[in-house]
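Remarks on the structure that follows.
These numbers were taken from a predicted model, which means no experiment stands behind them. We use all heavy atoms of the structure for the numbers below, so side chains are in, but hydrogens, waters and symmetry mates are not.
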Amino acid sequence: PLARPARGDNEGARQAVRSIAAAFKSTRLYSPGHALVRKGIDQAAIVLKSYLDRFGPLALSMTPRGVVVDFSPLPIEDDVISELVHALRAGFVQSMRVLGGVSDRELGEFLHILRLPQQQIRGRGGVSRLLRQQGIDSLLVEDHTDADEAEPRSVSALIQGLAAGPEAAG
């Protein structure tokens with residue numbers, strides 16, 4: 001699991017996630033070289049830099065009901081954030097951290113990876129591996145260990161242990 005970041009301002013975190021989501025939406029609507037894609041990524045990078053400089057790393061974790069940002073639930077308040085959360089889930093992303101120093105190029109590459117079909121993401125080893133192959137180390141992603149697995153192994157093992165009862169523990 002990823003280390004716990006310092007707690008930030010909830011509104012600042014919401015704005016940072018929304019800026020990433022808006023940039024992602026522009027990548028879905030326009031070709032990679034389009035001026036609106038470039039503008040969306042540049043604006044997201046500015047908002048992220050402001051947040052990261054003030055509060056430190058931004059952490060996102062997928063939950064069955066939505067997303068948790070810096071350990072606070074973020075309501076899926078609109079289609080823009082909903083699209084990003086859907087893309088993260090479709091890319092088998094369990095959690096991610098955005099570290100200080102993330103560049104607009106790195107953010108753009110990450111958003112491009114999220115646009116790939118699920119089969120391609122799975123076949124290439126997940127979002128985290130694709131980011132590492134691009135030399136991106138300011139966006140840390142924890143993928144599901146098995147893309148077909150609905151829950152992490154540790155949770156699955158815990159549920160099995162609880163179902164077996166205390167006599168199974170010995």
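- When atom types are taken as modelled, the side chain of R89 and the backbone of G66 share a donor-acceptor pair closer than 3.5 angstrom.
- Cluster membership for L74 and M62, using ILVMFWY side-chain heavy atoms within less than 4.5 angstrom, is shared.
- In this structure, the side chains of L131 and E106 stay at 4.5 Å or more apart for every pair of heavy atoms.
- Looking at Q118, its side chain does come within 3.5 Å of a backbone N or O of A90 through a donor-acceptor pair.
- Closest of all the heavy-atom pairs between S95 and S61 is CB-OG, 3.8 Å.
- The minimum heavy-atom distance between G40 and A23, with the atom names listed, is O-CB, 3.5 Å.
- Taking the side chain as every heavy atom from C-beta outward, L52 and V102 approach each other to under 4.5 Å.
- Distance check: Q134 CD to H112 NE2 gives 8.5 Å after rounding to the nearest 0.5 Å.
- Without hydrogens or angle criteria, D70 side chain to A59 main chain gives a donor-acceptor distance under 3.5 Å.
- Taking CG of L99 as the reference point, atom CG of L58 lies at 10.0 Å (rounded to 0.5 Å).
- With values rounded to the nearest 0.5 angstrom, S138 atom OG is found 12.0 Å from R97 atom CZ.
- A donor-acceptor distance shorter than 3.5 angstrom exists from the side chain of D143 to the backbone of S128, with no hydrogens or angles considered.
- Between F55 and Y51, the ring-plane angle classifies as tilted under the 30° and 60° cut-offs.
- By the 4.0 Å N-to-carboxylate-O rule, K25 lies too far from D79 to be salt-bridged with it.
- The main-chain N or O of V80 is never found under 3.5 Å from a side-chain atom of E83 such that the two would form a donor-acceptor pair.
- Annotation: the span from L114 atom CG to L130 atom CG amounts to 10.0 Å, rounded to 0.5 Å.
- Under the 4.5 Å side-chain criterion, counting only non-hydrogen atoms from C-beta, N10 is not in contact with R14.
- Remark: the backbone N or O of R129 is not paired with any side-chain donor or acceptor of R124 at under 3.5 angstrom.
- Residues M96 and F110 form a side-chain contact, since some pair of their non-hydrogen atoms from C-beta on lies under 4.5 Å apart.
- Interatomic distance, I46 CD1 to D104 CG, rounded to the nearest 0.5 Å: 9.0 Å.
- Proximity of a side-chain donor or acceptor of R132 to a complementary backbone N or O of V127 within less than 3.5 Å is not detected.
- For the pair L111 and R28, the minimum side-chain heavy-atom distance is 4.5 Å or more.
- The environment of H86 atom NE2 is sparse: at most 12 non-hydrogen atoms of other residues, nucleotides or ligands sit within 6.0 angstrom.
- Note on L107: it clusters hydrophobically with L116, by side-chain heavy-atom contacts below 4.5 Å among ILVMFWY residues.
- Between I81 and R18, some side-chain heavy-atom pair lies under the 4.5 Å cut-off.
- Under the 4.5 Å side-chain criterion, counting only non-hydrogen atoms from C-beta, Q43 is not in contact with V47.
- For the pair E109 and I136, the minimum side-chain heavy-atom distance is below 4.5 Å.
- For the atom pair OG1 of T27 and CD1 of I113, the computed distance is 11.5 Å after rounding to the nearest 0.5 Å.
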